[in-house]
Amino acid sequence: MTDYSEEQRNELEALESIYPDSFTVLSEKPTTFTITVTSEAGENGETVQTTLKFTYREQYPDEAPLYEILSQENLDDNDVTDIIKLLEQQAEENLGMVMIFTLVSAVQEKLNEIVDQIKTRREEEKKQKEREAEEEEKQRFHGTPVTIENFLNWKAKFDAELLEIKRKKIKEEEQAGKNKLSGKQLFEMDHNLDTSDIQFLEE
């Protein structure tokens, strides 16, 4: 018959020596403890971290431990969901054997992957922003495509506008011409003009 409490005690001792800085016992009955798992540092020194809480069930390791994510840093909701799925899968695969170290190692690997993905995600986001900016720029410079039809429409409007301008100009010139007096008319209106040049010369 399996001595569950003996196996659990031995595993706890082993975990304490493997994770001296991140292992904390919360209660003895039922045995509950936390292990904080931190990824390796990413390219810019960033890390992701999660604190896992485990509780032994009476017949552990023949039944899976209870586990939950107590806290996390720099992880988004999808990452947390992935970690929970990973724990479920690992717990199922390792039933009958003490498994906490295996579960924590799997999470550790997952966190390292996430840190690498953060770099890729950032690069993707940057590229996406650049693509969007390019698109915006294209839209700004991209007018109506020229077809024969819309060119002819535009040309008809343009010619009509030109014609209107010419008409106005001719009209203005005609009116100005009407108001302009010839030299003879000017002399007839003002008799001083015929001697003005002589006065100018004498001066």
Side-chain angles (χ1 to χ4, degrees), residues 36-53 67-93 102-190 192-194 196-197 200:
T36 300
V37 192
T38 309
S39 70
E40 290 164 7
E43 195 182 51
N44 300 319
E46 68 267 272
T47 57
V48 292
Q49 182 175 301
T50 182
T51 299
L52 305 170
K53 177 182 166 190
Y67 47 80
E68 63 180 282
I69 290 180
L70 265 197
S71 65
Q72 48 87 8
E73 263 177 51
N74 300 333
L75 294 172
D76 62 30
D77 294 343
N78 289 341
D79 297 329
V80 172
T81 308
D82 288 349
I83 290 168
I84 293 289
K85 279 186 193 158
L86 179 69
L87 287 168
E88 274 170 26
Q89 178 203 333
Q90 290 293 326
E92 242 173 75
E93 286 175 16
T102 308
L103 299 184
V104 172
S105 300
V107 171
Q108 175 82 58
E109 259 176 59
K110 182 71 185 166
L111 295 186
N112 292 343
E113 271 172 40
I114 290 167
V115 159
D116 291 341
Q117 282 165 9
I118 286 173
K119 180 190 164 195
T120 315
R121 268 184 221 161
R122 279 206 191 119
E123 282 168 4
E124 272 308 307
E125 277 168 22
K126 194 178 161 196
K127 279 182 195 161
Q128 183 61 30
K129 276 183 190 151
E130 281 169 7
R131 274 197 294 271
E132 281 166 13
E134 265 174 42
E135 273 308 306
E136 243 173 71
E137 202 69 15
K138 270 186 203 163
Q139 289 302 328
R140 208 177 303 154
F141 288 110
H142 185 73
T144 314
V146 177
T147 63
I148 291 174
E149 198 179 318
N150 61 22
F151 173 73
L152 291 174
N153 284 342
W154 169 82
K155 186 153 176 22
K157 270 188 203 163
F158 182 71
D159 289 346
E161 280 171 23
L162 269 185
L163 203 60
E164 192 56 39
I165 291 167
K166 274 185 190 167
R167 272 203 201 116
K168 275 186 186 167
K169 209 172 180 188
I170 290 167
K171 232 182 206 175
E172 280 167 14
E173 280 171 1
E174 278 173 3
Q175 280 182 335
K178 275 179 196 162
N179 298 339
K180 255 188 201 166
L181 296 173
S182 66
K184 187 179 175 189
Q185 287 168 321
L186 283 169
F187 274 110
E188 283 168 356
M189 280 175 70
D190 186 350
N192 291 332
L193 287 173
D194 52 4
S196 65
D197 286 352
F200 176 70

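If you're wondering where the values come from, they're calculated on a predicted model, not measured in any experiment.
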Chemist: Rounded to the nearest 0.5 Å, how far does CD of Glu40 lie from CD of Glu109?
Modeler: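 Those atoms lie 10.0 Å apart.
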
Chemist: Roughly how far apart are Asp82 CG and Asp77 CG, rounded to 0.5 Å?
Modeler: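 Reported to 0.5 Å precision, the distance equals 11.0 Å.
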
Chemist: Just wondering, are more than 12 heavy atoms of other shown residues or ligands nearer than 6.0 Å to CD in Glu68?
Modeler: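 Counting neighbours around CD of Glu68, more than 12 heavy atoms of other residues, nucleotides or ligands fall under 6.0 Å, so yes.
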
Chemist: For a quick test of reading the model, state the closest non-hydrogen atom pair linking Tyr67 to Ile84 and the distance between them.
Modeler: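 So the minimum-distance heavy-atom pair works out to CE1-O, 4.5 Å.
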
Chemist: Out of curiosity, Leu111 CG to Thr50 OG1, how far, rounded to the nearest 0.5 Å?
Modeler: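 Result: 6.5 Å between the selected atoms.
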
Chemist: Check the surroundings of atom CD1 in Ile148: do more than 12 heavy atoms from other residues, nucleotides or ligands lie under 6.0 Å from it?
Modeler: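 No - once you tally the heavy atoms of other residues, nucleotides and ligands closer than 6.0 Å, there are 12 at most.
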
Chemist: Just checking, any donor-acceptor pair under 3.5 angstrom between side chains of Thr51 and Thr36?
Modeler: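 Side-chain D/A pair, Thr51 to Thr36: present.
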
Chemist: So, do Ile83 and Ile69 sit near enough that their side-chain heavy atoms are less than 4.5 Å apart?
Modeler: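 Side-chain contact under 4.5 Å: yes.
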
Chemist: Taking only residues at least two apart or on different chains, which pairs with a member in residues 156-171 satisfy side chain to side chain donor-acceptor pair (under 3.5 Å)?
Modeler: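 Residue pairs with at least one partner in residues 156-171: Lys155-Asp159.
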
Chemist: Quick one: CD on Gln49 to CD1 on Ile114, what's the gap to the nearest 0.5 Å?
Modeler: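 Answer for the CD-CD1 pair, Gln49 versus Ile114, is 12.5 Å.
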
Chemist: Measure the spacing between CG of Leu52 and CG of Leu70 and express it to the nearest 0.5 Å.
Modeler: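 Here the interatomic distance stands at 8.0 Å.
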
Chemist: Mind listing the closest non-hydrogen atom pair of Asn112 and Ser39 along with its distance?
Modeler: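 Shortest heavy-atom contact: OD1-CA, 3.3 Å.
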
Chemist: List in chain and number order the residues that pass side-chain contact (heavy atoms from CB on, under 4.5 Å) with Thr102, two or more places apart in sequence or in another chain; answer none if no residue qualifies.
Modeler: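 Applying side-chain contact (heavy atoms from CB on, under 4.5 Å) to Thr102 gives Gln90, Asn94.
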
Chemist: Quick one: CD on Glu113 to CD on Gln117, what's the gap to the nearest 0.5 Å?
Modeler: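 Atom-to-atom, Glu113:CD and Gln117:CD are 6.0 Å apart.
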
Chemist: Quick one, Glu132 and Gln128 - any side-chain contact, counting heavy atoms below 4.5 Å?
Modeler: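 Yes, at least one pair of side-chain atoms sits under 4.5 Å.
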
Chemist: Lys110 and Leu86: which non-hydrogen atoms are nearest, and at how many Å?
Modeler: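 Heavy atoms of Lys110 and Leu86 come nearest at CB-CD2, 3.8 Å.
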
